[in-house]
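Notes follow once the structure below has been shown.
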Amino acid sequence: MAPAAASGGSSLPSGFSVFATFPDLLFVFEFIFGGLVWILIASSLVPIPLVQGWVMFVSVFCFVATTALLVLYIIGAHGGETSWVTLDAAYQCVAALFYLSASVLEALATISMHDGFIYKHYHENIAAVVFSYVVTLLYVVHAVFSLIRWKSS
């Protein structure tokens with residue numbers, strides 16, 4: 001295991017090279033689309049408040065955690081240690097599962113919207129569902145490549 005870690009091919013980037021490596025470049029898109037989900041859910045009316053609460057929790061948690069990891073990678077806080085590769089893979093998997101559950105619940109809540117809701121709120125919920133699934137896909141792709149990096153470290 002030491003030769004793979006010493007080669008540097010499976011280590012995390014630091015500095016602005018985070019924006020030049022493929023799986024880590026996805027942090028930027030997760031940040032942007034996750035922020036859009038957060039904004040859309042906060043501004044829309046969801047017929048089931050518990051669903052809106054879970055989707056808000058997931059979007060805010062992942063937004064803050066993704067931002068923190070991105071900043072830590074940019075400043076090089078990981079120091080090239082392989083434990084950070086494990087942390088990265090674990091976080092991406094948890095975030096993918098959280099967003100998948102939030103996306104399914106938000107889609108279910110949007111489908112169950114009945115009369116009495118303004119058409120604008122229905123469209124906001126549809127946009128939130130679409131962006132939530134986009135973020136889910138981003139986290140799943142990032143998780144797969146993080147697991148590949150973890151396996152090779």
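Owing to the predicted nature of the structure, the values given are computational and were not obtained by experimental measurement. We count residues from 1, following the sequence as given. Below, all heavy atoms of this structure are taken into account, side chains as well, without hydrogens, waters or symmetry copies.
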Quick check: do F31 and L70 have side-chain heavy atoms less than 4.5 Å from each other?
no
Can you tell if the side chain of T110 reaches within under 4.5 Å of the side chain of E106, non-hydrogen atoms only?
yes
Grab the two heavy atoms, one from L147 and one from A89, that are nearest each other, plus how far apart they are.
CD2-CB, 3.9 Å
Looking only at side-chain N and O atoms, does T66 offer a donor or acceptor that is under 3.5 Å from a partner on Y139?
yes
Verify the cluster assignment for F61 and I41: are they in a single hydrophobic cluster under the rule of side-chain heavy atoms below 4.5 Å apart?
yes
L87 side chain near L69 side chain, heavy-atom distance below 4.5 Å
yes
Measuring only between side-chain heavy atoms, which start at C-beta, is H142 closer than 4.5 Å to F29?
no
Which value, rounded to the nearest 0.5 Å, describes the distance between L138 atom CG and I32 atom CD1?
10.0 Å
Contact check, side chains of Y73 and D88, non-hydrogen atoms, under 4.5 Å:
yes
Out of F57, F63, F131, which one pairs with W38 under the ring pair (Phe, Tyr, Trp, His ring centres under 6.0 Å) rule?
F63
Measure the spacing between SG of C93 and OH of Y91 and express it to the nearest 0.5 Å.
11.5 Å
Nearest heavy-atom pair of S103 and T136: which atoms, and what distance?
OG-OG1, 3.0 Å
Q52 side chain vs S44 backbone, donor-acceptor pair below 3.5 Å:
yes
Please report the closest heavy-atom contact between V51 and A109, naming both atoms and the distance.
CG1-CB, 4.0 Å
Which residues end up grouped with V129 if you chain together Ile, Leu, Val, Met, Phe, Trp and Tyr wherever their side-chain heavy atoms are less than 4.5 Å apart?
L100, V104, Y133
Within-4.5 Å side-chain heavy-atom neighbours: V141 and L26
yes
State, with a plain yes or no, whether a side-chain heavy atom of S43 is found less than 4.5 Å away from one of E124.
yes
Side chain S59, main chain G34, donor-acceptor under 3.5 Å
no
Testing the basics here: between Q92 and S146, what is the closest heavy-atom pair and its distance to 0.1 Å?
CG-OG, 3.7 Å
